[in-house]
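Notes follow once the structure below has been shown.
Ligands are counted one by one from 1 in listed order, and the atoms in each one are counted from 1 as well.
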Amino acid sequence: MKTKPKVGFFDFTGCEGCQLTVLNLEDQLLDLLNLVEIVEFREVMTGQVDSLDIAFVEGSITREQDVARLKEIRSRAGKLIALGACADMAGINALRVDTGPEGLRREVYASDAPNLKTFSPRRIAEVVPVDGRLPGCPVDGQEFLSVLQALLLDRKPVLPAFPVCVECKLAENACTFERGIVCLGPVVRGGCQAICIAGGDRCRGCRGLVDQPRSSPYRRILEENGLGVDEILAEFRTFNIDGGDES
Ligand code: SF4
Ligand code: SF4
Ligand code: SF4
């Protein structure tokens with residue numbers, strides 16, 4: 001009998017929301033288990049295997065022991081995928097990167113916490129080669145399934161190449177700029193169905209920059225609304241250290 005591809009989930013610094021998104025795929029989970037064998041997933045099982053076909057890695061890298069562990073996972077995995085904004089772009093973990101690790105430790109623990117040796121959050125692609133990425137905070141469950149499908153068919157996963165605005169306009173949401181509220185939708189990668197705008201918020205950029213963002217029309221929208229690039233950069237830094245790895 002043909003063996004199923006072995007899949008594992010691993011976490012570093014993050015809230016585990018991306019892993020929970022996978023677990024919440026209740027309607028598809030049984031079908032998924034017919035296709036793959038989940039061999040490591042700390043949230044639901046114990047144990048470790050010598051090798052696996054696909055490793056999904058959540059969270060950013062913040063300690064030396066993380067570096068060693070991530071390299072060890074990489075050495076066992078045929079393919080390794082960044083799962084979510086923390087792994088892909090360092091995510092909200094990098095929000096206070098300007099404060100530096102010592103400053104953050106002092107702020108949180110009221111001392112330098114000498115036993116807690118952390119460094120500024122790193123994307124996993126800064127430590128090991130990655131074979132694909134799932135953007136978002138958290139990831140989109142359906143996009144996770146389509147990326148997994150591509151990997152099982154030995155194809156390179158392809159992410160949407162259009163901005164959030166496209167899905168937002170198709171959904172006929174009212175544009176936040178009409179209320180003078182900054183939205184990053186024109187330059188952020190779509191694929192989330194503009195869920196935040198549909199829910200009454202704005203796009204805060206959790207899926208990172210779309211490929212070749214069209215900055216000129218965006219600048220014009222900003223100018224028309226009395227806003228500037230500084231406001232956008234401040235907003236964009238919520239999830240992105242430097243725009244993320246576009247590999
Ligand atoms: S990307 Fe968001 S949901 Fe996923 S682990 Fe990081 S903080 Fe949590
Ligand atoms: S700018 Fe934001 S709210 Fe306006 S259409 Fe684009 S995604 Fe929607
Ligand atoms: S609308 Fe923007 S912030 Fe919200 S999920 Fe989509 S990309 Fe992320």
Side-chain angles (χ1 to χ4, degrees), residues 9-25 41-43 56-62 66 81-96 121-125 133-144 147 159-211 213-215 217-225 227 231-232 235-241 243-245:
F9 292 82
F10 304 87
D11 48 42
F12 289 88
T13 302
C15 78
E16 306 191 1
C18 291
Q19 292 179 91
L20 281 175
T21 300
V22 174
L23 288 175
N24 281 342
L25 289 167
F41 199 159
R42 188 185 55 77
E43 292 211 347
F56 288 98
V57 177
E58 178 200 73
S60 37
I61 304 305
T62 57
D66 292 351
I81 309 297
L83 183 71
C86 290
D88 186 28
M89 310 185 296
I92 54 170
N93 295 321
L95 191 57
R96 294 291 304 274
R122 294 178 192 162
R123 296 175 266 135
I124 64 168
R133 39 198 289 260
L134 270 150
C137 179
V139 294
D140 180 89
Q142 296 310 310
E143 188 166 60
F144 164 78
V147 166
L159 297 175
F162 52 81
V164 173
C165 279
V166 171
E167 288 168 329
C168 190
K169 299 237 184 262
L170 284 173
E172 300 185 353
N173 295 322
C175 183
T176 67
F177 278 106
E178 289 169 11
R179 291 179 279 134
I181 295 172
V182 171
C183 177
L184 296 179
V187 289
V188 165
R189 187 184 302 281
C192 61
Q193 312 302 319
I195 187 170
C196 300
I197 298 99
D201 198 2
R202 57 208 164 124
C203 176
R204 297 167 189 261
C206 82
R207 290 174 59 82
L209 274 182
V210 68
D211 305 328
R214 298 183 65 221
S215 54
Y218 193 29
R219 191 181 287 266
R220 197 177 61 243
I221 296 171
L222 293 174
E223 284 168 2
E224 284 169 6
N225 288 277
L227 299 164
E231 278 104 330
I232 296 306
E235 185 79 357
F236 196 64
R237 284 187 58 80
T238 307
F239 287 99
N240 302 267
I241 295 178
D245 178 12

- Message: If the cut-off is 4.0 Å to any non-hydrogen atom of C165, which atoms of ligand 2 fall inside it?
- Response: 1 (S), 5 (S), 6 (Fe), 7 (S)

- Query: Where on C203 is there a heavy atom closer than 4.0 Å to ligand 3, on the side chain, on the backbone, on both, or on neither?
  - Reply: both

- Does any N, O or S atom of C192, backbone or side chain, fall under 2.8 Å from atom 6 (Fe) of ligand 3? yes

- Give the residue and atom name of whichever protein heavy atom lies nearest to atom 2 (Fe) of ligand 2, and the separation in Å to one decimal. C183 SG, 2.3 Å

- Note on the structure: d(F144 CZ, L25 CG) to nearest 0.5 Å is 7.0 Å

- Query: Looking at C168, which atoms of ligand 2 are within less than 4.0 Å of one of its heavy atoms?
  - Reply: 3 (S), 5 (S), 7 (S), 8 (Fe)

- Query: When you measure from the side chain of E58 to the backbone N and O of D11, does any donor-acceptor pair fall under 3.5 Å?
  - Reply: no

- Is there a donor-acceptor pair closer than 3.5 Å between any side-chain N or O of N93 and the backbone N or O of T13? yes

- Message: To the nearest 0.5 Å, what is the distance between CZ on F9 and CD1 on I81?
- Response: 10.5 Å

- Could you tell me which non-hydrogen atom of S60 sits nearest to which non-hydrogen atom of C86, and how far apart they are? CB-O, 3.1 Å

- Task: Looking only at protein heavy atoms, identify the closest one to atom 3 (S) of ligand 2 and say how far it is in Å.
- Result: T176 N, 3.4 Å

- Show which atoms of ligand 3 fall inside a sub-4.0 Å distance from at least one heavy-atom site of V188. 7 (S)

- Item | atom 8 (Fe) of ligand 3: the protein heavy-atom neighbour that sits closest, reported with distance to 0.1 Å | C206 SG, 2.4 Å

- Item | Residue part near ligand 2, for R202, under 4.0 Å between non-hydrogen atoms | neither

- Any protein N, O or S atom under 2.8 Å from atom 6 (Fe) of ligand 1? Found C86 SG

- Message: When you measure from the side chain of R207 to the backbone of R189, do you find a donor-acceptor pair of N or O atoms at a distance under 3.5 Å?
- Response: yes

- Please report the closest heavy-atom contact between V164 and C203, naming both atoms and the distance. CG2-SG, 4.1 Å

- Message: Looking at every heavy atom in both I124 and G59, which two are closest together, and how far apart are they?
- Response: CG2-O, 3.6 Å

- Message: Quick check on contacts: which atoms of ligand 1 are under 4.0 angstrom from a heavy atom of G136?
- Response: 1 (S)

- Note on the structure: The atoms of ligand 3 lying under 4.0 Å from a heavy atom of I195, numbered in the order shown, are 5 (S)

- Note on the structure: Rounding to 0.5 Å, atoms SG (C18) and CG (D140) come to a distance of 10.5 Å

- With atoms numbered from 1 as shown, which atoms in ligand 2 lie under 4.0 angstrom from a non-hydrogen atom of F177? 1 (S)

- Message: I'd like to check which ligand 1 atoms, numbered from 1 as shown, lie under 4.0 Å from a non-hydrogen atom of E16.
- Response: 5 (S)

- Note on the structure: Here the atoms of ligand 3 under 4.0 Å from any heavy atom belonging to R204 are 2 (Fe), 3 (S)

- Note on the structure: ligand 2 to P186, heavy atom cutoff 4.0 Å, flagged ligand atoms 1 (S)

- For G185 against P163, the heavy-atom pair lying closest together: O-CB, 3.4 Å

- Which atom pair, heavy atoms only, marks the closest approach of V182 to F177? CA-CE2, 4.1 Å

- Task: Identify the protein heavy atom lying closest to atom 5 (S) of ligand 2, giving its residue, its atom name and the separation to 0.1 Å.
- Result: K169 NZ, 3.6 Å

- Item | Gap between atom CD of E143 and atom SG of C192 - 0.5 Å precision | 9.0 Å

- Query: Picking from V147, D88, L134, what satisfies side-chain contact (heavy atoms from CB on, under 4.5 Å) with L83?
  - Reply: L134

- Task: Just jot down the ligand 3 atoms closer than 4.0 angstrom to any heavy atom of G205, in number order.
- Result: 2 (Fe), 3 (S)

- Contacting atoms of ligand 3, where contact means under 4.0 angstrom from a heavy atom of R207: 7 (S)

- Message: With side chain to side chain donor-acceptor pair (under 3.5 Å) as the rule and sequence neighbours excluded, what pairs involving residues 170-188 come up?
- Response: none

- Note on the structure: Looking only at non-hydrogen atoms, the one of G185, G190, C175 nearest atom 4 (Fe) of ligand 2 is C175

- Which pair of non-hydrogen atoms, one from C206 and one from C137, has the smallest distance, and what is that distance? SG-N, 3.3 Å

